[in-house]
Amino acid sequence: MRFRPRISVMLGVAMVASLGLTGPAHAKETYPFQNPRLPLKTRVDDLLKRLTVDEKISLLHQYEPAIPRLGIKPFKTGTEGLHGVAWSTDIHNNGAVVTANGTVFPQAIGLASTWNPALIKKVGSAVGDEARGFNSVNPDVWGLQLWAPVVNLLRDPRWGRNEEGYSEDPYLTGAISTAYGSGIEGPDKDHLKAAPVLKHYLANNNEVNRDTTSSDLRPRVKNEYDEKAFSPAISADAATGVMASYNLVNGRPNTVNPDLNDVVRKWTKRDLLNVTDAGAPNNLTGSEKYYATQPEADAALIKAGLDSFTVDDTNAGPTTAAVKSALSQGLLKQSDLDTAVSHILSLRVRLGDFDPDGGPYAKIGKSVINSPANQALARQTADQAAVLLKNSGNALPLDAAKTKKVAVVGPLEKTLYTDWYSGSLPYKVTPLDGIKQRLGAGGTVTDSEAADRIALKDTKTGKYITAGTGASGAALKESATSADTTTQFDAFDWGQGKLTLRSVANGKYAGRYNWGDTMVNDQDQPNGWFVQQMFSLEKQDDGGYLLRYSGYEADESWFGDKKYLKASDDGTLVLATKDEASHFSKDTISSGADEAVKAVKGADAAVVVVGSMPFINGREAHDRTTMALAESQENLIKAVRAANPNTVLVVENSYPTTLNWEQENVPAILWTTHAGAETGHALADTLFGDSNPAGRLTQTWYRSENGLPDILDYDIIKSDRTYLYYKGQTLYPFGYGLSYTNFRYSGLHVSRAGGQVTATVQVTNTGKRAGDEVVQLYTHQRTSRDKQPVKQLRAFQRVHLAPGQTTTARLTFNASDLAHWDVTRDKNVVETSTYDVLVGSSSADIRQRSSVRVQGETIPARNLAVQTRAVDFDDYKGVRLVDETKVRGDAVGAADGDWIKFARASLGSGAATFTASAAKASTGDGSIEVRLDSPTGPLAGTATVSSTGDVYKYATTTAALHGATGRHDVYLVFHGDLRVSTFSLK
């Protein structure tokens with residue numbers, strides 16, 4: 001989620017409290033559902049039978065109204081809590097966004113980079129506490145169902161929401177999400193502190209056209225990869241539901257994905273409350289055009305397993321009308337409605353919502369918000385999340401006793417950015433602040449943001465663009481005839497031509513004002529759904545420039561052609577067409593690179609802080625098209641490195657970056673996410689060795705995006721994606737990270753007891769500093785019927801060791817974890833094989849090796865005489881996976897020349913007949929060729945597929961076969977556009 005292009009309302013707790021917005025008094029115990037001593041099911045059943053049909057329907061919308069006759073207060077689903085309580089919406093203000101002012105922990109990928117589930121459980125607990133604290137102030141805004149964590153796998157580093165996920169690995173993702181969710185809930189699963197919801201089910205890993213693109217998940221990828229990220233937290237009762245994603249999977253919108261009931265609910269015995277993403281129910285009749293009417297769509301949504309509608313902002317009317325209509329038309333049964341409502345009531349009971357005293361967590365108040373303990377936890381987490389990527393010649397840590405002069409330069413050196421799912425920062429410790437504090441009075445710190453300071457003069461009028469000097473700025477206007485502070489802007493380059501312009505006049509960023517044609521310098525940082533503080537300077541043949549407005553809405557089809565700025569009659573800059581645009585000359589008042597070079601010359605150490613602006617460089621609705629730093633940032637690093645050999649690079653962003661030159665030429669590189677208010681303290685802790693870095697990368701850093709397949713290619717097995725299958729040379733491998741000390745591994749011993757495999761290994765700190773090591777265990781299956789990962793993470797342990805200390809790391813996993821999906825029989829199978837056990841400090845740095853022999857199954861030869869699902873192929877070319885029906889089932893959609901392969905099929909003494917269930921919406925005939933051993937191999941038979949007139953109308957087609965004897969790879973080669981659901985060779 002979200003799509004809410006409205007003004008964010010920044011309200012701190014004190015302000016909210018001053019408005020008198022406190023929670024209603026709890027009802028006196030009157031009915032059995034209010035009796036906390038009764039079993040949960042008894043309470044739910046009692047309340048369910050007391051509700052009228054209209055009251056039940058009213059509970060389906062995100063904003064559940066009060067039911068005064070039963071003493072039931074309002075309830076709201078959906079407070080964002082990705083890395084701290086972030087924001088929610090206000091029913092009393094038309095759903096306006098209210099941003100929390102509490103503890104902001106490192107971004108989600110930073111939480112996972114700690115590889116420390118115990119720590120992340122503490123973080124989750126703090127977030128749960130603060131959710132209760134905010135709820136105690138205003139329960140109408142701050143609901144206790146938290147839409148977090150995000151467990152979508154980071155299979156493609158270009159995904160705009162990379163910052164929100166944990167890892168490209170499902171096991172690590174499961175471990176971190178389980179820890180975070182468990183902390184949020186608290187230790188008693190019957191009485192919840194808050195209720196985490198996993199986002200976004202399923203295969204939601206691209207932003208462009210995310211509501212209409214379909215993610216093709218062949219059975220192995222779905223079962224071995226994408227589902228494995230969601231099942232651990234649900235199975236451990238560390239999450240209370242899932243949010244369905246916008247996208248389609250195999251041609252069916254996830255909003256009506258039957259797996260919400262058929263799969264997800266089977267992972268736990270507890271009731272789950274599943275929710276839609278914002279506006280998604282209307283997509284079914286809108287952008288997706290999957291159903292003709294909203295009653296049909298809403299009925300299908302409920303029957304598929306979603307219980308709560310996030311749609312139409314605060315207006316529940318359309319949902320109420322559609323569900324009532326669905327009931328009257330027989331599209332929904334009363335039992336369908338009761339099932340959904342029972343899921344809602346079950347969660348509210350567990351949250352203490354119907355308890356007379358509000359339950360065991362009701363006494364948590366606002367004092368927990370941004371408490372000193374939570375600030376200290378945020379700093380500890382930011383310390384542990386930092387990843388040391390390079391440290392040549394022991395450039396780090398810096399010695400504070402000897403390092404008396406430090407230069408801190410770069411566009412992020414004295415600012416902290418929040419992101420789309422952050423709360424606001426109650427205080428800020430920037431990198432510059434942290435380093436100054438650490439050096440103390442005995443040190444000297446110079447700094448520069450390294451931004452070009454420019455002035456733009458209209459070449460026709462000779463007048464400069466001028467900004468307002470007050471706190472609220474003013475409309476940009478051509479007025480001054482000489483360059484002074486009112487005409488000057490600091491230009492920050494975020495790559496691909498996108499600039500933000502901060503006015504020197506008042507320190508505020510210029511941007512589009514109130515959706516009009518004028519620009520005003522009035523924003524503290526770039527922000528908003530469309531980020532309306534972006535510009536581009538387009539150089540012209542005459543050496544001048546056009547100033548293009550580059551707010552994200554300018555890329556929308558509805559924006560029109562007025563994307564440039566011109567001076568109106570009174571000089572005010574307004575939007576205009578390119579032909580109408582004013583031409584400007586650019587005066588460079590000072591060069592950012594030159595200022596940075598001045599700052600670093602003669603310094604004992606030069607710390608360059610570069611990275612991303614989270615609202616600009618990849619985020620919800622915007623995938624990245626490059627993994628490179630902004631060009632000006634790359635040039636800055638090179639200039640500083642040339643001016644000072646003692647250069648340390650700090651990269652503060654949310655995703656893998658192509659740092660090829662930097663890895664070759666810069667002595668030390670440290671990576672961190674945007675880590676909240678304590679970012680500067682954590683960086684100083686690490687740079688000066690107060691914290692020995694032990695963060696590890698949770699996804700592969702590639703050398704270039706050029707070798708990556710299309711972002712819509714979700715088949716990591718066929719395309720050799722992620723560390724699991726990638727065979728190329730990486731920049732930094734999965735699990736990578738350096739330390740200020742060294743660790744020796746020895747004495748690996750692997751044993752089996754029952755269904756568990758245990759590996760013990762001795763780890764010794766051979767250096768002179770205490771430090772943490774993340775011991776990682778991978779396996780590799782030597783022999784298999786199917787393509788297997790190069791290696792796969794099975795266990796890890798973060799251990800702390802004093803200098804010279806040795807500890808025994810004990811790593812365990814279940815033999816059943818070695819299973820993969822057998823497409824020949826549609827089940828998980830552990831094959832009989834030898835499995836390599838690989839232990840080391842990253843996926844590419846294996847220190848100890850052993851193996852274990854597992855007696856499992858041998859996958860038999862394919863039996864294509866039985867009805868076989870077409871999607872259960874072993875290999876393919878060109879086909880798409882599509883919905884067999886609108887309710888359930890997958891089929892293969894094919895075009896001319898596409899094929900699917902079924903390996904090692906036993907045809908016995910001869911298969912005589914090919915039979916397939918196929919659909920063809922277009923006119924004319926298509927065909928399916930049955931070929932042996934290759935797509936161009938011997939032709940065994942050809943079946944004609946006649947038009948059925950509809951993609952969901954299947955007909956049986958047959959063909960006589962010849963020469964189909966013995967064991968062969970069987971290929972179905974398609975001609976014409978058609979769909980195939982099942983087939984057999986008998």
Side-chain angles (χ1 to χ4, degrees), residues 106 110-123 172 175-176 179 376-377 379-400 668 670-672 682-698 732-751 758-778 793-813 837-850:
L111 298 180
S113 297
T114 68
W115 289 62
N116 191 342
L119 176 66
I120 302 310
K121 187 173 183 179
K122 292 179 182 178
V123 172
L172 180 58
I176 299 297
L377 181 62
R379 180 171 181 168
Q380 179 188 9
T381 308
D383 280 347
Q384 293 202 17
V387 182
L388 183 62
L389 298 177
K390 183 182 179 182
N391 193 22
S392 178
N394 295 319
L396 290 177
L398 302 175
D399 186 342
L670 182 70
W671 175 79
T672 181
L683 285 176
D685 289 343
T686 305
L687 292 174
F688 287 93
D690 301 319
S691 172
N692 191 343
R696 300 292 184 263
L697 298 180
T698 66
Y732 306 117
F734 174 82
Y736 174 82
L738 303 177
S739 171
Y740 294 152
T741 189
N742 298 302
F743 299 94
R744 183 180 68 238
Y745 288 65
S746 61
L748 175 62
H749 177 71
V750 179
S751 62
T758 299
T760 58
V761 65
Q762 304 298 307
V763 182
T764 302
N765 182 347
T766 60
K768 297 180 180 180
R769 289 179 176 269
D772 289 5
E773 171 70 330
V774 179
V775 185
Q776 304 165 40
L777 184 152
Y778 300 83
L793 182 70
R794 301 296 184 186
F796 63 89
Q797 184 180 354
R798 182 164 174 151
V799 298
H800 181 77
L801 293 169
Q805 183 183 1
T806 297
T807 192
T808 299
R810 182 182 177 88
L811 305 147
T812 63
F813 62 93
V837 178
L838 313 169
V839 177
S841 62
S842 81
S843 62
D845 187 3
I846 301 303
R847 308 287 186 84
Q848 293 278 288
R849 297 172 179 266
S850 186

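All values below come from the heavy atoms of this structure, side chains included, with hydrogens, waters and symmetry mates left out. Because the structure is predicted, anything quoted here is derived from the model rather than measured.
Checking Gln762 against Thr806 by side-chain atom types alone, no donor-acceptor pair falls below 3.5 Å. A side-chain donor-acceptor contact under 3.5 Å links Asn765 and Thr741.
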Worked check of side chain to side chain contact (heavy atoms under 4.5 Å, CB included) between Leu777 and Phe813: CA-CA 10 Å; Leu777 184 152; Phe813 62 93; 3.7 Å; yes

Evaluation steps, side chain to side chain contact (heavy atoms under 4.5 Å, CB included), between Ser843 and Tyr736: CA-CA 7 Å; Ser843 62; Tyr736 174 82; over 6 Å; no

Side chain to side chain contact (heavy atoms under 4.5 Å, CB included) between Lys122 and Leu377, worked out: CA-CA 8 Å; Lys122 292 179 182 178; Leu377 181 62; 4.2 Å; yes

Criterion side chain to side chain contact (heavy atoms under 4.5 Å, CB included) on Val761 and Thr808, from CA distance to verdict: CA-CA 6 Å; Val761 65; Thr808 299; over 6 Å; no

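Scanning all heavy atoms of the two residues, the minimum distance from Ala682 to Ala382 falls at CB-CB, 3.4 Å. Looking at every heavy atom in both residues, Thr114 comes nearest to Leu111 through OG1-O, 2.7 Å. Shown here for Pro117 and Ala179, the closest heavy-atom pair between the two residues is O-CB, 3.2 Å.
Here Trp115 pairs with Phe734, Phe796 under the ring-ring contact (aromatic ring centres under 6.0 Å, His included) rule; sequence neighbours left out. For Ser751, the side-chain hydrogen bond (donor to acceptor under 3.5 Å, both in side chains) criterion is met by no residue, not counting sequence neighbours. Applying the side-chain hydrogen bond (donor to acceptor under 3.5 Å, both in side chains) criterion to Asn391, with sequence neighbours excluded, gives no partner residue.
In this structure, CZ in Arg849 is found 13.5 Å from OH in Tyr745, a value given to the nearest 0.5 Å. Going from atom CD1 of Ile846 over to atom OH of Tyr778 covers 6.5 Å, rounded to the nearest 0.5 Å. Expressed to the nearest 0.5 Å, how far CG of Leu119 lies from CD of Gln380 amounts to 5.0 Å. Expressed to the nearest 0.5 Å, how far CG of Leu738 lies from OG of Ser841 amounts to 8.5 Å. How far OG1 of Thr812 is from CD of Gln797: 9.5 Å, rounded to the nearest 0.5 Å. Annotation: the span from Thr764 atom OG1 to Arg744 atom CZ amounts to 4.5 Å, rounded to 0.5 Å.
Two residues are said to be in side-chain contact when any heavy atoms from C-beta on lie closer than 4.5 Å; Phe688 and Asp399 fail this criterion. Here the side chains of Gln776 and Val839 are not in contact, with every heavy-atom distance at 4.5 Å or above. A 4.5 Å side-chain heavy-atom check between Val775 and Leu811 finds at least one atom pair inside the cut-off. Side chains of Thr686 and Tyr740 form a contact here, defined as non-hydrogen atoms less than 4.5 Å apart. Counting only heavy atoms from C-beta outward, the side chains of Gln848 and Val837 never approach each other to under 4.5 Å. Put simply, the side chain of Leu670 reaches to within 4.5 Å of the side chain of Leu683, judged on heavy atoms.
Pairs of residues two or more places apart, or lying in two chains, that qualify as side chain to side chain donor-acceptor pair (under 3.5 Å) and include a residue from residues 687-697 are Arg438-Asp690, Asn692-Ser739, Arg696-Glu773. Each salt bridge (Lys or Arg N to Asp or Glu O under 4.0 Å) pair with one or both residues in residues 798-812, not counting sequence neighbours, appears once here: Asp772-Arg798.
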Just list the side-chain donor-acceptor pairs under 3.5 Å for residues 383-390, sequence neighbours left out, or say none.
residue, atom, partner, partner atom, Å
Gln384, OE1, Asn116, ND2, 2.9
Lys390, NZ, Gln663, O, 2.5
Lys390, NZ, Val666, O, 3.0

